[in-house]
Amino acid sequence: MQALGLGALLLLGACATQAPPPVTATIPKEALPLEDAVMRLAEATLAGDKAVPPGGRRALVIDPLIDRASGAETGATRAMVARIETLVRERHPELELKPFTTATLDEKPLILLGAITGVTAAGSLTNSTGPGDTYRIWAVLGDLGTGMILSHPTAWVRAETVDTAPSPFFRDSPAWTDDEAQAAYLRTCAGAPGTPMDPAYLRGLRAQAAVAEGIGAYERGDLPTALTLYRQADGEPGGQQARVLNGLYLASWGLGQRDAARDAFGRVVEYGLMRNRLALKLLFRPGGTGFVRDPGVSAPYPMWLEEIASHTVQREACLRVVGHASVTGAPAANDRLSLARAQTVRRILVTNAPPLQSRSEAIGRGSREPIIGLGTDDMRDALDRRVEFAPNRCQA
């Protein structure tokens, strides 16, 4: 039986005398529209033994699903969560859907997490690095009472039905770096049924829950609550992560707390430099090396670059400034533009910290190392037009 569309589900739900027909847990290898693929995926994820006592119910929480490459929540991952929640409420009375909070974690509920990534073809597990017509989605159901993974199905999705736009928090976050919290999440997502969940992921769950609540508060415009929750996450095991540090910066900046925002951004910089990779979303004017003139976007750029220069000098490190371009345009033009933008940023750093004149270099990588790979040249693939900062040992 084909998975029912959302409109059909709502129609059936309105009929008091007719229960919704079951959704098959069988997942085809061909790519489906996102809505259909998620319904199949959710039913397959929830179909097995969930250790629910006879006649009882079991709490279920959802750790927000993410894009595999960037770690961001997107329009697609938010839509996936909404579809899963709908299916749980309509078809699984044995499960009690609860918010992902630190208080709920004390109940040792079931937990669902998952991800989306572009792949080379339907039925394939090979990730793509450029624009394509197919995505893979997968979910994992874990039992926080036992620490074990219960299920791990996969489905494939038609690209034209996928909204890749990052959610407001991730769109606004200034920096990106490789992150252990994201890596632990993805390791758990890769786990096989009957195997333990990743221990680093389990240790950091309270921080995961607090920052998820903080992101929700930020996107509602409740910056004081968001700041409190980011600080709570910061104090938990596993709280030293990019989302928390970006959140502390965004909430402080939004509240007009400029000194606190500078301190928070300094921590973002130090975190990235310690991991030998810090990418900033510095937005340039199209085809040029000048920053966009919108003060709502570029006003904090001078402070960002001052902090990078200061922390690099304090570490007595050398610095490689690497420009990147999106996958659109001719490769030679992308090489020239990415290099020119890296050189512009390096000149600003040297102005702020003259010792970097002899301890820094600018290089352009063109479009050879995309993170998103969409070629949309808008906020969805802003990370592909990033400038990265990589400290290294100075040569004698």
* Using the side-chain contact (heavy atoms from CB on, under 4.5 Å) rule, take Val119 and Leu125 through it: C-alpha gap first, then chi angles, then the decisive distance, then the call. => CA-CA 7 Å; Val119 290; Leu125 301 180; over 6 Å; no

* Asked: When you look at Arg359 and Glu316, which way does the salt bridge (Lys or Arg N to Asp or Glu O under 4.0 Å) test go after all the steps?
  -> CA-CA 9 Å; Arg359 288 165 44 189; Glu316 299 184 352; over 6 Å; no

* Apply side-chain contact (heavy atoms from CB on, under 4.5 Å) to the pair His311 and Leu273, showing each step before the final yes or no. => CA-CA 9 Å; His311 282 266; Leu273 295 180; 4.0 Å; yes

* **salt bridge (Lys or Arg N to Asp or Glu O under 4.0 Å) between Arg262 and Glu306, worked out** => CA-CA 10 Å; Arg262 179 182 284 273; Glu306 286 172 11; 3.0 Å; yes

* Asked: Are Leu202 and Leu205 close enough, and set up right, to give a side-chain contact (heavy atoms from CB on, under 4.5 Å), and what steps lead you there?
  -> CA-CA 5 Å; Leu202 293 176; Leu205 264 177; 4.0 Å; yes

* To do: Report the C-alpha distance between Gln314 and Ser310 in whole Å, list the side-chain angles of each, state the deciding distance to 0.1 Å, and finish with yes or no for side-chain hydrogen bond (donor to acceptor under 3.5 Å, both in side chains).
  => CA-CA 6 Å; Gln314 290 172 23; Ser310 173; 2.9 Å; yes

* Asked: What do the steps show when you test Val140 against Leu112 for side-chain contact (heavy atoms from CB on, under 4.5 Å), and what is the final call?
  -> CA-CA 6 Å; Val140 157; Leu112 187 147; over 6 Å; no

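At distances below 3.5 Å, at least one donor-acceptor pair connects side-chain atoms of His152 with backbone N or O atoms of Gly191. Counting only distance, with no hydrogens or angles, the side chain of Arg277 and the backbone of Thr177 share no donor-acceptor pair below 3.5 Å. Without hydrogens or angle criteria, Thr195 side chain to Ala192 main chain gives a donor-acceptor distance under 3.5 Å. In this structure, Arg258 contributes its side chain and Trp253 its backbone to a donor-acceptor pair below 3.5 Å. Panel note: side chain Thr77, backbone Glu73; no donor-acceptor pair is recorded below 3.5 Å. Not one N or O on the side chain of Thr74 forms a donor-acceptor pair closer than 3.5 Å with the backbone of Pro166. Put simply, the side chain of Thr117 never gets that close to the backbone of Arg136: no donor and acceptor are under 3.5 Å apart.
Proximity of Leu250 to Leu223: side-chain heavy atoms (C-beta onward) are nowhere separated by under 4.5 Å. Looking at Val88 and Leu60, their side chains come closer than 4.5 Å, going by heavy atoms from C-beta outward. Between Asn127 and Arg68, the closest side-chain pair of non-hydrogen atoms falls below 4.5 Å. Put simply, the side chain of Pro28 reaches to within 4.5 Å of the side chain of Leu32, judged on heavy atoms. Between Ile84 and Ile62, some side-chain heavy-atom pair lies under the 4.5 Å cut-off.
Expressed to the nearest 0.5 Å, how far CG of Asp234 lies from CG of Leu245 amounts to 6.5 Å. For the atom pair CG of Leu113 and CD1 of Ile66, the computed distance is 8.5 Å after rounding to the nearest 0.5 Å. Separating the CG atom in Leu229 from the CG atom in Leu248 is a distance of 11.0 Å, to the nearest 0.5 Å. Of the inter-residue distances, the one linking Leu282 atom CG with Leu305 atom CG reads 6.0 Å to the nearest 0.5 angstrom. Annotation: the span from Thr161 atom OG1 to Leu34 atom CG amounts to 5.0 Å, rounded to 0.5 Å. Arg40 contributes atom CZ, which lies 11.5 Å from atom CD1 of Ile137 (distance to the nearest 0.5 angstrom).
Hydrophobic clustering places Val313 together with Val321 (ILVMFWY residues linked when any side-chain heavy atoms are closer than 4.5 Å, directly or through intermediates). Leu65 and Trp138 fall into different hydrophobic clusters, where Ile, Leu, Val, Met, Phe, Trp and Tyr side chains are chained together by heavy-atom contacts under 4.5 Å. There is no path of hydrophobic side-chain contacts, each under 4.5 Å, that joins Ile363 to Val345. The hydrophobic cluster containing Leu144 does not contain Val52, counting ILVMFWY residues as joined when their side-chain heavy atoms lie under 4.5 angstrom apart, directly or transitively. In the hydrophobic cluster analysis, where Ile, Leu, Val, Met, Phe, Trp and Tyr join through side-chain heavy atoms closer than 4.5 angstrom, Leu87 is grouped together with Leu110.
Tyr218 and Asp172 share a side-chain donor-acceptor pair at under 3.5 Å. Donor-acceptor pairing under 3.5 Å is lacking for the side chains of Gln241 and Asp179. No side-chain donor-acceptor contact under 3.5 Å links Asp198 and Tyr185. A donor-acceptor contact under 3.5 angstrom links the side chains of Thr101 and Thr104, judged on distance only. A side-chain donor from one of Glu43 and His92 sits under 3.5 Å from a side-chain acceptor of the other. Arg267 and Gln240 share a side-chain donor-acceptor pair at under 3.5 Å. Donor-acceptor pairing under 3.5 Å is lacking for the side chains of Gln182 and Arg187. Side-chain contact of Ser167 with Glu219: a donor-acceptor pair under 3.5 Å is present, judged by distance alone.
Closest heavy-atom contact between Ser173 and Lys281: O-CE, 2.6 Å. The two residues Ala217 and Thr225 come nearest to each other via the heavy atoms CB-CG2, 4.0 Å. Scanning all heavy atoms of the two residues, the minimum distance from Ala212 to Phe100 falls at CB-CD2, 3.9 Å. Nearest heavy atoms, Ile27 versus Leu41: CD1-CA, 3.9 Å. Val268 and Asn246 get closest at one heavy-atom pair: CG2-N, 4.1 Å. Of all heavy-atom pairs spanning Gly288 and Arg341, the tightest one is O-NE, 2.8 Å.
Within a 6.0 Å sphere centred on CG of Asp106, heavy atoms belonging to other residues, nucleotides or ligands number more than 12. Under a cut-off of 6.0 angstrom, the local environment of CD in Glu107 is crowded, with over 12 non-hydrogen atoms contributed by other residues, nucleotides or ligands.
Between Phe169 and Tyr230, the ring-plane angle classifies as tilted under the 30° and 60° cut-offs.
Using a cut-off of 4.0 Å between Lys/Arg side-chain N and Asp/Glu carboxylate O, Arg346 and Glu361 are scored as not salt-bridged. A salt bridge links Glu94 to Lys50: at least one charged side-chain nitrogen sits closer than 4.0 Å to a carboxylate oxygen. With respect to the salt-bridge test (charged N to carboxylate O, under 4.0 angstrom), the residues Asp178 and Arg275 do not qualify. Under a 4.0 Å N-O distance rule, the pair Arg206/Glu236 qualifies as a salt bridge. We find that Asp143 and Arg58 are joined by a salt bridge, their nearest charged nitrogen and carboxylate oxygen being less than 4.0 Å apart.
Taking the six-membered ring where the residue is Trp, the centroids of Tyr135 and Trp156 are separated by 6.0 Å or more.
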